[in-house]
Amino acid sequence: MDISILILSQLIQGNKHGYEIKKNINLLMNRSKPVNNNSIYPMLKQFEAREIVTKNVLTQKGKPDRFVYSITELGKTEFYKILAELSPEMVTADDEFYIRLTFLNLLRPEQQQKVLEYRKTYILDQIYRLNQIVQTIGSSIHMPYSPLLSRYTIRQMECELELLDEILDEL
């Protein structure tokens, strides 16, 4: 996942300093793909140079100055553009899909439909594949828990399908 969408998703919600952006992203990503200062600050600097964000200095008594970042109108446009970019291949990455699901209401109705339908197609393909694996493996003595794990994963995917159908019905 491109870190730019994560940074902009933080700033679209309001002004933040770099540490807060990093902390929130790490919390959202459940540390599965931790971000650090070496990824956050160079991107913020690039955004600033491209006028996607502005940086204001917050002077603190007895502490170092803190830089607070704000998204510009150009930055909002860039965020919406990145958010709307989604190929059928991208929905195979949970992070890519979930960030778009989080901000689904910011997409146009046809974009919302596309995001959800792409993911639904992917999930249905995965369920089919897992069912094929269960049938192929059967009850192998070498992999006794594989069918159980496959059925568990299928149940999780079926729950996601229910969610997608609910959202699609609401559109």
Side-chain angles (χ1 to χ4, degrees), residues 1-18 20-35 39-40 43-44 46-48 50-54 68-136 147-171:
M1 169 174 275
D2 183 11
I3 192 170
S4 59
I5 194 170
L6 296 172
I7 293 171
L8 294 175
S9 75
Q10 288 301 302
L11 294 174
I12 203 95
Q13 298 173 64
N15 303 341
K16 291 183 177 57
H17 52 84
E20 187 178 9
I21 294 169
K22 179 179 87 168
K23 182 182 77 171
N24 289 349
I25 291 172
N26 282 330
L27 181 65
L28 289 170
M29 300 304 290
N30 196 22
R31 302 204 187 283
S32 64
K33 294 179 183 152
V35 295
S39 55
I40 295 280
M43 184 63 68
L44 286 167
Q46 287 177 23
F47 285 161
E48 192 179 0
R50 293 173 45 206
E51 299 180 349
I52 289 174
V53 301
T54 57
V68 178
Y69 297 89
S70 306
I71 194 165
T72 64
E73 287 304 314
L74 180 62
K76 289 176 184 177
T77 300
E78 181 69 13
F79 174 70
Y80 296 136
K81 183 180 131 207
I82 295 169
L83 194 62
E85 291 172 358
L86 186 70
S87 66
E89 295 76 31
M90 287 174 75
V91 295
T92 64
D94 289 344
D95 295 340
E96 293 285 354
F97 172 70
Y98 294 145
I99 193 76
R100 283 161 179 84
L101 188 59
T102 300
F103 294 100
L104 194 67
N105 64 311
L106 300 179
L107 295 172
R108 292 189 316 270
E110 66 274 8
Q111 293 169 320
Q112 293 174 356
Q113 183 92 17
K114 184 170 86 170
V115 166
L116 297 169
E117 290 294 344
Y118 280 170
R119 182 65 175 197
K120 189 172 176 179
T121 299
Y122 166 70
I123 295 295
L124 288 168
D125 288 346
Q126 290 302 100
I127 289 173
Y128 176 79
R129 184 184 66 79
L130 286 169
N131 278 320
Q132 293 298 106
I133 289 171
V134 169
Q135 289 176 6
T136 302
L148 182 64
L149 179 60
S150 294
R151 286 191 299 275
Y152 170 77
T153 305
I154 289 168
R155 284 195 307 270
Q156 286 181 308
M157 291 180 164
E158 288 170 343
C159 286
E160 186 172 331
L161 279 177
E162 287 176 26
L163 173 67
L164 293 172
D165 285 336
E166 269 184 55
I167 298 169
L168 281 164
D169 287 345
E170 291 176 9
L171 295 182

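All values below were derived from every heavy atom in this structure, side-chain atoms included, with hydrogens, water molecules and symmetry-related copies excluded.
- With values rounded to the nearest 0.5 angstrom, Ile52 atom CD1 is found 9.0 Å from Gln46 atom CD.
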Could you go through the side chain to side chain contact (heavy atoms under 4.5 Å, CB included) check for Leu168 and Glu117 one step at a time? CA-CA 8 Å; Leu168 281 164; Glu117 290 294 344; 3.6 Å; yes
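- Taking all atoms of both residues into account, the shortest heavy-atom contact from Asn15 to Ser70 is OD1-OG, 2.9 Å.
- Not a single donor-acceptor pair under 3.5 Å links the side chain of Thr92 to the backbone N or O of Pro88.
- Taking the ring centroids of Phe79 and Phe103, they lie under the 6.0 Å cut-off.
- Heavy-atom contacts from other residues, nucleotides or ligands closer than 6.0 Å to OH of Tyr152 number 12 or fewer.
- Put simply, CD on Glu160 and CD on Gln156 are 9.5 Å apart, with the number rounded to the nearest 0.5 Å.
- For the pair Lys81/Glu85, a side-chain contact is recorded, criterion being any heavy-atom separation below 4.5 Å from C-beta on.
- For the atom pair Leu107 CG and Lys114 NZ, the distance stands at 9.5 Å (nearest 0.5 Å).
- Between Leu8 and Ile12, the closest side-chain pair of non-hydrogen atoms is not below 4.5 Å.
- The local environment of CD in Gln132 is crowded, with over 12 non-hydrogen atoms from other residues, nucleotides or ligands closer than 6.0 Å.
- For the atom pair CG of Leu164 and CZ of Phe97, the computed distance is 5.0 Å after rounding to the nearest 0.5 Å.
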Side chain to side chain contact (heavy atoms under 4.5 Å, CB included) for Ser4 and Ile82? Distances and angles first, verdict last. CA-CA 9 Å; Ser4 59; Ile82 295 169; 3.8 Å; yes
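- Taking CG of Leu83 as the start and CD1 of Ile99 as the end, the distance is 7.5 Å to the nearest 0.5 Å.
- At a threshold of 4.5 Å between non-hydrogen side-chain atoms, the residues Asn24 and Gln13 do not count as touching.
- With hydrogens and angles ignored, the 3.5 Å screen pairs a side-chain donor or acceptor of Lys16 with a backbone N or O of Gln10.
- The cationic group of Arg108 does not satisfy the cation-pi geometry with Tyr80, failing either the under 6.0 Å distance to the six-membered ring centre or the 45° limit from the ring axis.
- Nearest approach of Leu44 to Val53, heavy atoms of both residues: O-CG2, 3.8 Å.
- The minimum heavy-atom distance between Leu11 and Ile71, with the atom names listed, is O-CG2, 3.5 Å.
- Counting heavy atoms from C-beta on, the side chains of Val115 and Gln111 never come closer than 4.5 Å.
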Given side chain to side chain contact (heavy atoms under 4.5 Å, CB included), test Leu104 with Ile167 step by step and report yes or no. CA-CA 10 Å; Leu104 194 67; Ile167 298 169; 3.7 Å; yes
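- Residues Ile133 and Arg129 have side chains in contact (heavy-atom distance under 4.5 Å, counting atoms from C-beta outward).
- Side-chain contact between Val68 and Glu20 is absent, with no heavy atoms from C-beta onward closer than 4.5 Å.
- Considering all non-hydrogen atoms of both residues, Ile40 and Gly18 come closest at CG2-O, 4.3 Å.
- Under the 4.5 Å side-chain criterion, counting only non-hydrogen atoms from C-beta, Leu161 is in contact with Ile127.
- For the pair Arg119/Asp94, a side-chain contact is recorded, criterion being any heavy-atom separation below 4.5 Å from C-beta on.
- Taken from CD in Gln112 to CD in Glu170, the straight-line distance is 10.5 Å, to the nearest 0.5 Å.
- With hydrogens and angles disregarded, no donor-acceptor distance shorter than 3.5 Å links the side chain of Arg100 to the backbone of Leu116.
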